[in-house]
Undergrad: 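My structure is below; once you've seen it, I'll send some questions.
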Amino acid sequence: MKKLQSRTRAKERTGRFHIGIIVFFLALVMTVQLANLYQRNRRYQEQEAALSAELEKQLDRQQELYDYEIYTQSDEFIENTAKSKLGLIHSNEIVFREQ
């Protein structure tokens, strides 16, 4: 009877040992996977921040282009272009030139 109890206890210890090893390896795998997920998440957050900055930059550029488009349709732009590129002046203006 004692031998039977000894064998049963030995089997229980062996079973618990194997279950412990399996739990340990599962915990190890889960820890590695969790670390990988945190790394991936950090990379995605950095990428999101970079893309947000780029979006903000492009929105500013879009506003600048819109403002320039409005300016090019103004009389001020037309007058400045006519004066600088074509040398035109108003009839009431006097031009002084260096000799």
Side-chain angles (χ1 to χ4, degrees):
M1 186 99 162
K2 286 188 176 185
K3 286 188 172 187
L4 183 61
Q5 287 178 349
S6 295
R7 286 183 185 172
T8 305
R9 286 183 185 163
K11 285 182 181 180
E12 286 178 5
R13 286 184 196 150
T14 305
R16 287 182 186 166
F17 178 72
H18 288 136
I19 290 173
I21 289 175
I22 291 171
V23 169
F24 172 76
F25 281 116
L26 286 175
L28 182 64
V29 168
M30 294 299 288
T31 303
V32 169
Q33 290 298 322
L34 189 62
N36 287 339
L37 285 176
Y38 278 123
Q39 245 180 1
R40 191 180 309 164
N41 187 35
R42 188 177 45 224
R43 278 189 308 225
Y44 287 150
Q45 287 174 344
E46 290 171 359
Q47 186 178 13
E48 180 183 11
L51 290 174
S52 293
E54 181 66 25
L55 175 64
E56 188 66 34
K57 182 179 170 184
Q58 292 301 323
L59 289 174
D60 290 345
R61 176 75 175 135
Q62 179 184 14
Q63 185 62 41
E64 289 174 8
L65 290 173
Y66 177 75
D67 292 344
Y68 184 72
E69 178 184 13
I70 298 297
Y71 170 70
T72 58
Q73 296 171 1
S74 69
D75 290 339
E76 179 184 1
F77 173 77
I78 294 169
E79 286 181 19
N80 288 339
T81 303
K83 285 181 181 180
S84 65
K85 294 189 178 188
L86 302 175
L88 300 177
I89 58 171
H90 287 284
S91 59
N92 60 354
E93 289 181 327
I94 299 172
V95 177
F96 294 100
R97 296 191 182 164
E98 291 185 32
Q99 292 186 6

Undergrad: When you look at CZ of Phe77, are more than 12 heavy atoms from neighbouring residues, nucleotides or ligands closer to it than 6.0 Å?
TA: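 Yes - once you tally the heavy atoms of other residues, nucleotides and ligands closer than 6.0 Å, there are more than 12.
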Undergrad: Quick one: are Arg61 and Leu65 in side-chain contact, heavy atoms under 4.5 Å?
TA: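 Arg61 reaches Leu65 side chain to side chain.
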Undergrad: Could you tell me the separation between the CD atom of Glu76 and the OG1 atom of Thr81, rounded to the nearest 0.5 Å?
TA: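 It is 10.0 Å, given to the nearest 0.5 Å.
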Undergrad: Any chance you could measure Ser74, atom OG, to Glu79, atom CD, to the nearest 0.5 Å?
TA: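 Here the rounded value is 9.0 Å.
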Undergrad: Between atom OG1 of Thr72 and atom CG of Asp67, what is the distance when rounded to the nearest 0.5 Å?
TA: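 One finds 11.0 Å between OG1 of Thr72 and CG of Asp67.
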Undergrad: Quick one: do the Gln58 and Gln62 side chains pair a donor with an acceptor below 3.5 Å?
TA: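 Side-chain D/A pair, Gln58 to Gln62: absent.
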Undergrad: Hey, what do you get for CE (Met30) to CG (Leu37), rounding to the nearest 0.5 Å?
TA: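 CG of Leu37 is found 9.0 Å from CE of Met30.
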Undergrad: Measuring from Tyr38:OH to Gln45:CD, what's the distance to the nearest 0.5 Å?
TA: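 Result: 11.0 Å between the selected atoms.
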Undergrad: Could you state whether Phe17 and Phe24 fall into the same hydrophobic cluster, counting links through intermediate Ile, Leu, Val, Met, Phe, Trp or Tyr residues with side-chain heavy atoms under 4.5 angstrom apart?
TA: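 Shared cluster, yes.
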Undergrad: For atom CD of Gln73, decide whether the heavy atoms of other residues, nucleotides or ligands shown that lie under 6.0 angstrom number more than 12.
TA: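 Atom CD in Gln73 is packed in, count exceeds 12.
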Undergrad: Cluster question for you: counting only ILVMFWY and a side-chain heavy-atom cut-off of under 4.5 Å, with indirect links fine, are Leu26 and Val29 together?
TA: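 No, no single cluster joins them.
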Undergrad: Can you tell me how far CD of Gln39 sits from CG of Leu34, rounded to the nearest 0.5 angstrom?
TA: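 Answer for the CG-CD pair, Leu34 versus Gln39, is 11.5 Å.
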